[in-house]
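Starting from 1, each residue takes its place in the sequence as its number. Computed over heavy atoms, backbone and side chain alike; hydrogens, waters and symmetry mates excluded. Worth saying up front: this structure is predicted, and the values here are computed from it rather than measured.
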Amino acid sequence: MEGQKNKNVNQVKGGGGGYLGAFTLVELLVVIAIIGILIALLLPAVQAAREAARRMQCSNNLKQIGLGIHNFHDSRKALPPSNFFDLNRSTLFGFLYPYIEQAPLHEIIAKSYDPGWGPYVTFLNMWRDQLSQQERIALGSVSAYKCPSKRSSGPAYTTDTSAGGDKPGPQGDYAYVVSVRGDTASGANNLGWWDHGSGSGAPGAPYDAIERRLHLVASPFQVARSASGVWQDGSMTLKITFGSVTDGLTNQLFLGEKHIPLGRVGNCDATQVGPALNQPNSGDCSYLLTGVWKSPASGRNISSFDDGNGSPPYTPLQHTIARSGDFKEDEFNPIRSYGFGSYHTGVCPFVMGDGSVQSMSVTSTFQVLEALSMMSDGLSVSIP
C-alpha cells in the first residue's frame, strides 16, 4: 500500500520536486496582466492601421472622381458644370456618373423633367414621386462619393421631411471647390457663398440676366448655360476647359472632403437648432442639389465671404479647413458651415487639377488655399 502511494506521488512530481501542471495565483495574475498590457498596446496600433486604410480609401475615392473629371473633359472637351443653369437640378456629381462607371444612375436623372423646371431635376417630382425605392437606394450607394471614416457602408440618402425640408437626395462627403472674386463694377466686396450655384432663381428667366454674377466665380466649376437659348430643352454650352486654368492644373484645387460636424452625418434636418442661423446648410444634404440654401451640399467655398445674414461687406473665412472644435450644435458660427474638413486627423484630402490627391494640413492658411482655388490669378504658391 505504501509503495503504491509513493508511486502515485512520483507520477505528479517533477525531477526537481515541483508539481507539474499546476501554478500559483500570483503566476495567474501576472499572466493576465501581461495579456492586458499586450492588448492595450495592440489596440491603438490596430485602430491606426484601420484609419490608415480608410484614409487611403478616401484618397482613392477622390482619385477616381478626378479621373472621372478628366474622362469627361476628354469626351466633352470641357470641364463638367457645377450644375445646369439654375438651382434644383443635377450638380457636377450627377454629370460625372457615366465617367465613374455609374451610367445607369445618370440615366435616372437625365430622364427627369418637370414642365416648370425643365430637365435634370433632382428634387420635386424627380425624388419625391418619380423614383422607386430601389432607385433611391442605388443613388445613395455610390461608394466613390463616401468617405469610410465619416460614414458606414450602405446607402446614404435623405428624404428630409422636416420643416422646410427641400433637400432630399443621396448624401456624400466631397464637394467641388468654389472661389469668388471682388466685383469692382458694383462695388460689392465679394459674392456670398450662395452665388456660385444659383441662376435666375425663377424658371424661364434668361441666363444673360445673371451673367455678371456668374463670371465672378474664379474656380473651374461653373454653371452651364443653354446652348439653344431655351434652357428647358436641356442643351448645354460648357465654357471652362483645362486651358482656362492658366495657373496650371498641378496648382489648382478641384474637389475636397467637406466639413460635416460631428452628430450631423446622415442628418439634413432643415429645422434650426439653437442660435446657429445657417446650421441646416452644414448638415448632410443631397450632393445632387445646389443653388440658394443648398450650395454647401455640393460645393464648398475657399474664398468664402459671409457675415451670417448675407449683407455686405462680407467677412473672409479665416480657417478654411475645419478642426474638431470649429462647429458645435449650439454655436453661432455661420461661416464655418461652408468650409472643408475631414475626420482624418490633422489633414483634409483634395484632388488637384492634374488628378493627384494632396492631404492639406488643417493649419494651411486661407491665403495659400485661396490662391490654389483660383484658376487664373497668376499667383505661385507651394502646396502646404
Side-chain angles (χ1 to χ4, degrees), residues 65 80-97 102 105-106 108-114 116-131 135-136 138-142 145-146 151 155-178 192-203 210 214 217 221-224 231 234 236 255 258-260 264-271 278-301 337-338 340:
I65 296 171
S82 60
N83 60 302
F84 171 55
F85 187 79
D86 201 0
L87 65 166
N88 305 324
R89 295 178 181 81
S90 178
T91 69
L92 170 149
F93 295 98
F95 293 120
L96 282 181
Y97 280 148
Q102 299 292 338
L105 301 185
H106 181 262
I108 293 175
I109 61 172
K111 70 182 181 182
S112 65
Y113 186 90
D114 183 271
W117 291 98
Y120 296 106
V121 181
T122 56
F123 91 128
L124 294 174
N125 292 338
M126 184 268 186
W127 184 262
R128 295 182 176 175
D129 301 325
Q130 295 180 11
L131 294 188
E135 288 175 321
R136 298 184 189 200
L139 285 165
S141 299
V142 181
Y145 288 166
K146 294 185 285 189
R151 67 182 76 241
Y157 65 91
T158 176
T159 55
D160 192 19
T161 58
S162 62
D166 59 355
K167 308 170 185 67
Q171 298 161 315
D173 296 314
Y174 308 110
Y176 55 85
V177 169
V178 177
W193 60 267
W194 56 86
D195 284 315
H196 74 84
S198 61
S200 63
I210 56 167
L214 297 176
V217 177
F221 304 111
Q222 301 182 18
V223 179
W231 60 264
M236 297 184 195
L255 296 100
K258 63 186 179 184
H259 173 56
I260 301 177
R264 300 284 288 172
V265 175
N267 179 16
C268 184
D269 187 352
T271 304
N278 294 320
Q279 187 186 53
N281 304 297
S282 68
D284 194 3
C285 301
S286 171
Y287 62 73
L288 286 179
L289 287 173
T290 190
V292 177
W293 298 110
K294 308 175 189 71
S295 297
S298 55
R300 292 291 179 99
N301 287 320
S337 303
Y338 314 123
F340 288 86

* **Closest non-hydrogen atom pair, Ala156 against Arg151** => CB-NH1, 3.8 Å
* To do: List in chain and number order the residues that pass side chain to side chain contact (heavy atoms under 4.5 Å, CB included) with Ala138, two or more places apart in sequence or in another chain; answer none if no residue qualifies.
  => Leu105
* Asked: Got a donor-acceptor contact below 3.5 angstrom from the Thr91 side chain to the Ser298 backbone?
  -> no
* Starting at CD of Gln222, measure out to OH of Tyr176 and round the result to the nearest 0.5 Å. => 10.5 Å
* Asked: Closest heavy-atom contact between Lys146 and Ser141?
  -> NZ-CA, 3.9 Å
* Asked: Once you round to the nearest 0.5 Å, how far does CG of Leu92 lie from OH of Tyr287?
  -> 11.5 Å
* Asked: Got a donor-acceptor contact below 3.5 angstrom from the Asp284 side chain to the Gly266 backbone?
  -> yes
* Taking the side chain from Thr122 and the backbone from Leu289, do they hold a donor-acceptor pair closer than 3.5 Å? -> no
* Do Trp127 and Leu139 have side-chain heavy atoms sitting under 4.5 Å apart? -> yes
* If we only count heavy atoms from C-beta on, is the Ile108 to Tyr97 side-chain gap below 4.5 Å? -> no
* Can you label the angle between the His106 ring and the Tyr120 ring as parallel, tilted or perpendicular, going by 30° and 60°? => tilted
* **Arg300 (side chain) donor-acceptor with His259 (main chain) under 3.5 angstrom** => yes
* Is the shortest heavy-atom distance from the side chain of Phe84 to the side chain of Ser90 under 4.5 Å? -> no
* Are side-chain heavy atoms of Pro170 and Leu288 found at a separation under 4.5 Å? -> yes
* Asked: Heavy-atom distance under 4.5 Å between the side chains of Asp114 and Met126, does that happen here?
  -> no
* Would you find a donor on one side and an acceptor on the other, under 3.5 Å apart, between the side chain of Gln171 and the backbone of Tyr157? -> yes
* To do: Using side-chain hydrogen bond (donor to acceptor under 3.5 Å, both in side chains) as the criterion, list what pairs up with Tyr145, not counting sequence neighbours.
  => none
* To do: Kindly write out the residues that satisfy salt bridge (Lys or Arg N to Asp or Glu O under 4.0 Å) with Arg136, not counting sequence neighbours, or none if the list is empty.
  => none
* Structure fact -> In short, Ala224 meets Pro81 closest at the heavy-atom pair CB-CB, 3.6 Å
